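Just below is one structure, and these are the notes that go with it.
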Amino acid sequence: MQKVLITGANGLLGQNLTRLLVEDGKYEVIATGRGTDRLCEDGYTYYELDITDNEAVSHLIGEIKPDFVVHTAAMTQVDDCEREPEKANLINIAGTFHIIDACRLVDAFLLYISTDFVFNGETGLLTEEENVSPVNYYGQTKLAAEKLVQESKLKWAIARTVLVYGQVKDMSRSNIILWVKKNLEAGKPIKVVDDQWRTPTLALDLAKGCELILDKKAEGIFHISGKDYLRPYDIAIRTAEYFGLDKSLISPTNASQFVEVGKRPLKTGFNIRKAQTQLGYEPHSFEEGIRIMQEGF
Ligand SMILES: NC(=O)C1=CN([C@@H]2O[C@H](COP(=O)(O)OP(=O)(O)OC[C@H]3O[C@@H](n4cnc5c(N)ncnc54)[C@H](OP(=O)(O)O)[C@@H]3O)[C@@H](O)[C@H]2O)C=CC1
Ligand SMILES: Cc1cn([C@H]2C[C@H](O)[C@@H](COP(=O)(O)OP(=O)(O)O[C@H]3O[C@@H](C)C(=O)[C@@H](O)[C@H]3O)O2)c(=O)[nH]c1=O
């Protein structure tokens with residue numbers, strides 16, 4: 001069986017991907033993450049791996065000799081990246097460089113997970129050909145890492161994704177659905193932006209997109225997201241409706257009033273035609289996504 005090594009396996013995508021690949025049984029799965037295993041299931045091997053430790057990365061990848069590496073690990077809190085650019089550089093850029101170097105040692109195929117935040121948000125429903133121009137530091141680090149991957153001379157793919165939602169064990173960061181649900185359940189009013197546009201992505205769909213890339217050894221950039229083009233305000237309303245929560249607690253705001261440390265691009269969201277035609281990728285609708293998430297992990 002071919003071996004797939006996953007970085008960031010404790011994360012939202014990492015846990016979904018680890019479980020999906022184990023369930024589908026086509027690959028031997030090696031999950032790696034910061035600290036101890038948080039998924040704690042059977043069927044894969046777990047190793048602690050901090051991607052900022054170059055020696056540890058080359059040692060482990062050199063020992064395991066994976067056929068594929070799926071590099072999901074990243075500093076994903078956008079405002080923290082703005083506040084701590086050196087840490088963001090270390091994890092998102094240097095970390096990716098370490099992974100690339102180690103992949104070279106064993107000639108592994110590298111699948112790098114990137115973001116809609118490489119775009120400036122002037123136009124939405126973006127194709128893979130659109131010009132990149134990030135508006136925040138997180139986006140800059142992810143773009144710098146994309147360039148390293150593209151120049152690596154490895155066999156590579158980049159899966160860019162958008163506003164991922166889902167639920168895993170002991171989550172590193174929340175996501176919009178859980179945030180809305182938690183506040184409305186507590187009877188707390190929330191202000192949600194109505195001038196951003198996104199194609200929110202169920203973590204399980206993203207994991208499936210990654211698996212399809214591995215199965216086909218598909219090279220190049222792929223936009224892997226949900227298919228519903230929504231504003232965070234719409235997402236909040238639909239979440240309230242789905243869970244029967246009080247919608248009147250949600251009020252609209254916009255970029256001029258809701259100022260964040262890291263600027264967010266206004267219109268992103270993806271055109272996923274390439275992934276649909278070349279990979280056979282077919283995401284769930286947003287409502288199906290909430291239902292799947294609600295069924296638990
Ligand atoms: N979530 C989203 O909305 C989007 C995510 N992406 C990209 O998708 C990928 C997966 O993100 P997602 O799963 O959602 O995010 P998570 O934050 O849930 O997962 C990221 C994982 O990376 C781990 N990590 C951070 N630093 C290191 C390190 N030095 N060494 C090893 N692991 C580390 C984190 O560890 P720990 O658990 O210890 O914090 C965490 O488990 C990322 O590359 C992200 O940039 C792209 C677009 C949207
Ligand atoms: C906290 C908060 C968020 N929001 C909105 C803004 C935003 O669109 C959405 C989610 O907010 P967050 O800060 O969690 O997400 P944000 O950092 O904007 O999300 C990003 O994460 C990184 C990792 C990515 O790569 C991107 O694709 C993107 O999804 O909720 C509000 O409208 N009001 C609020 O009070």
Side-chain angles (χ1 to χ4, degrees), residues 6-17 31-36 38-39 47-53 56-57 70-82 87-88 90-92 94-96 98-99 111-119 121 134 136 138-139 141-142 145-146 158-180 183 188-201 203 206-207 210 223-225 230-233 235-236 250-255 257-266 268-270:
I6 300 167
T7 69
N10 282 322
L12 178 54
L13 171 60
Q15 291 193 36
N16 274 281
L17 182 62
T32 74
R34 199 160 55 173
T36 53
R38 303 215 292 268
L39 179 61
Y47 294 91
E48 219 170 290
L49 183 65
D50 184 330
I51 58 161
T52 64
D53 183 342
V57 170
V70 187
H71 179 31
T72 89
M75 182 165 165
T76 57
Q77 293 81 357
V78 174
D79 291 345
D80 289 350
C81 291
E82 212 72 30
K87 189 172 170 194
L90 183 64
I91 298 175
N92 293 355
T96 303
H98 301 156
I99 297 294
L111 168 54
Y112 173 66
I113 312 301
S114 190
T115 173
D116 56 333
F117 282 13
V118 297
F119 297 106
N136 57 46
Y138 164 77
T141 62
K142 296 294 289 183
E146 278 196 8
I158 294 172
R160 294 192 187 126
T161 191
V162 182
L163 196 62
V164 184
Y165 64 94
Q167 200 161 13
V168 292
K169 297 180 188 165
D170 194 2
M171 302 185 67
S172 330
R173 77 195 280 273
S174 188
N175 56 69
I176 185 159
I177 296 180
L178 294 175
W179 171 74
V180 170
N183 279 283
K188 287 193 188 153
I190 53 172
K191 289 188 176 185
V192 188
V193 289
D194 67 359
D195 59 350
Q196 289 179 10
W197 287 88
R198 302 285 185 260
T199 45
T201 309
L206 174 59
C210 292
H223 281 183
I224 306 276
S225 76
L230 301 169
R231 300 169 305 168
Y233 179 76
I235 296 174
I250 305 169
S251 53
T253 184
N254 57 49
Q257 296 158 0
F258 182 70
V259 181
E260 296 183 89
V261 179
K263 189 178 172 199
R264 284 2 186 224
L266 287 180
T268 68
F270 285 161

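Whatever order the structure lists ligands and atoms in, that order sets their numbers, starting from 1. Just so it is clear, the structure is predicted and the values come from calculations on it, not from any experiment.
Closest to atom 48 (C) of ligand 1 by heavy atom, among D170, I176, D53, L163, is L163.
For the side-chain contact (heavy atoms from CB on, under 4.5 Å) criterion with N16, the lone passing option out of V168, L206, L39 is V168. Applying the side-chain contact (heavy atoms from CB on, under 4.5 Å) test between N254 and each of V192, L266, D194 identifies D194 as the sole match. Among N175, T115, D116, I176, the single residue meeting the side-chain contact (heavy atoms from CB on, under 4.5 Å) criterion with L163 is I176.
For ligand 1, the atoms closer than 4.0 angstrom to any heavy atom of L13 are 13 (O). Annotation for ligand 1: atoms under 4.0 Å from non-hydrogen atoms of I91 are 26 (N). Residue-ligand proximity, N10 to ligand 1, at heavy-atom distances under 4.0 Å covers atoms 41 (O). Within ligand 1, the atoms closer than 4.0 Å to a non-hydrogen atom of A73 are 22 (O), 32 (N), 33 (C), numbered from 1 in the order shown. Near L49, meaning under 4.0 Å from one of its heavy atoms, ligand 1 places the atoms 30 (N), 31 (C). The contact set between ligand 1 and S172, taken as ligand atoms under 4.0 Å from a residue heavy atom, comprises 18 (O), 36 (P), 37 (O), 39 (O), 40 (C), 41 (O). Below 4.0 Å from some heavy atom of T115 lie the following atoms of ligand 1, by number and element: 46 (C), 47 (C). Each of the atoms 28 (C), 29 (N), 30 (N), 31 (C) of ligand 1 lies under 4.0 Å from some heavy atom of I51.
In this structure, the side chain of T161 engages the main chain of I224 through a donor-acceptor pair within 3.5 Å. In this structure, the side chain of T7 engages the main chain of A73 through a donor-acceptor pair within 3.5 Å. Within the 3.5 Å criterion, the main-chain N or O of V162 finds no donor-acceptor partner in the side chain of S225.
N136 CG to K142 NZ: the interatomic distance, rounded to the nearest 0.5 Å, is 12.0 Å. Expressed to the nearest 0.5 Å, how far CD of Q196 lies from CZ of R231 amounts to 11.5 Å. Rounding to the nearest 0.5 Å gives a distance of 10.0 Å between CD1 of I250 and CG of N183. Going from atom CG of D170 over to atom CG of N10 covers 8.0 Å, rounded to the nearest 0.5 Å.
Only side-chain heavy atoms of Y138 come within less than 4.0 Å of ligand 1; its backbone N, CA, C and O stay farther off. In M171, neither the side chain nor the backbone holds a heavy atom less than 4.0 Å from any atom of ligand 1. Using a 4.0 Å cut-off between heavy atoms, T76 contacts ligand 1 through its side chain alone, with no backbone atom that close. Using a 4.0 Å cut-off between heavy atoms, R38 contacts ligand 1 through its side chain alone, with no backbone atom that close. Contact annotation: for S114 versus ligand 1, heavy atoms closer than 4.0 Å belong to the backbone alone.
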(request) Starting from the C-alpha separation in whole Å, work towards a yes-or-no answer on salt bridge (Lys or Arg N to Asp or Glu O under 4.0 Å) for R160 and E146. (result) CA-CA 10 Å; R160 294 192 187 126; E146 278 196 8; 2.7 Å; yes
(request) I would like to know whether Q167 and M171 meet side-chain contact (heavy atoms from CB on, under 4.5 Å); could you show each step before the answer? (result) CA-CA 7 Å; Q167 200 161 13; M171 302 185 67; 4.3 Å; yes
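In terms of protein heavy-atom proximity, atom 18 (O) of ligand 1 is nearest to L12 N, 2.9 Å. Of the protein's heavy atoms, V164 N, 2.8 Å lies nearest to atom 3 (O) of ligand 1. Ranking the protein heavy atoms by distance from atom 43 (O) of ligand 1 puts K142 NZ, 2.7 Å first. The protein heavy-atom contact nearest to atom 1 (N) of ligand 1 is R173 NH1, 3.1 Å. Of the protein's non-hydrogen atoms, the one nearest atom 20 (C) of ligand 1 is A74 O, 3.8 Å. Shortest contact from atom 19 (O) of ligand 1 to any protein heavy atom: G11 CA, 3.4 Å. Among all non-hydrogen protein atoms, the one lying nearest atom 29 (N) of ligand 1 is D50 OD1, 2.9 Å. Regarding atom 10 (C) of ligand 1, its nearest protein heavy-atom neighbour is T72 O, 3.4 Å.
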For ligand 2, what N or O to protein N or O distances fall under 3.5 Å?
from	atom 1	to	atom 2	distance (Å)
ligand 2	8 (O)	Q196	OE1	2.4
ligand 2	13 (O)	R264	NH2	3.3
ligand 2	17 (O)	R264	NE	3.4
ligand 2	17 (O)	R264	NH2	2.9
ligand 2	18 (O)	R264	NE	3.0
ligand 2	21 (O)	R173	NH2	3.3
ligand 2	25 (O)	T115	OG1	2.8
ligand 2	25 (O)	Y138	OH	2.8
ligand 2	27 (O)	D116	OD1	2.5
ligand 2	27 (O)	L163	N	3.3
ligand 2	29 (O)	L163	N	3.1
ligand 2	32 (O)	V193	N	2.8
ligand 2	33 (N)	K191	O	2.9

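Checked for salt-bridge contact, D195 and R264 miss the test: no charged N lies under 4.0 Å from a carboxylate O.
K191 and Y233 share no donor-acceptor pair across their side chains, judged by distance under 3.5 Å alone. For the residue pair S172 / R38, a side-chain donor-acceptor distance below 3.5 Å is found, with atom types taken as modelled. The closest side-chain donor-acceptor pair between T96 and H71 falls under 3.5 angstrom.
For the pair V162 and ligand 1, the shortest N or O to N or O distance does not fall below 3.5 Å. For ligand 1, the polar-atom distance check against R34 finds a nitrogen or oxygen pair separated by under 3.5 Å.
Counting non-hydrogen atoms of other residues, nucleotides and ligands closer than 6.0 Å to NZ of K169 gives a total above 12.
F270 and H223 have parallel rings, their planes meeting at less than 30° on a 0 to 90° scale where 60° marks the start of perpendicular.
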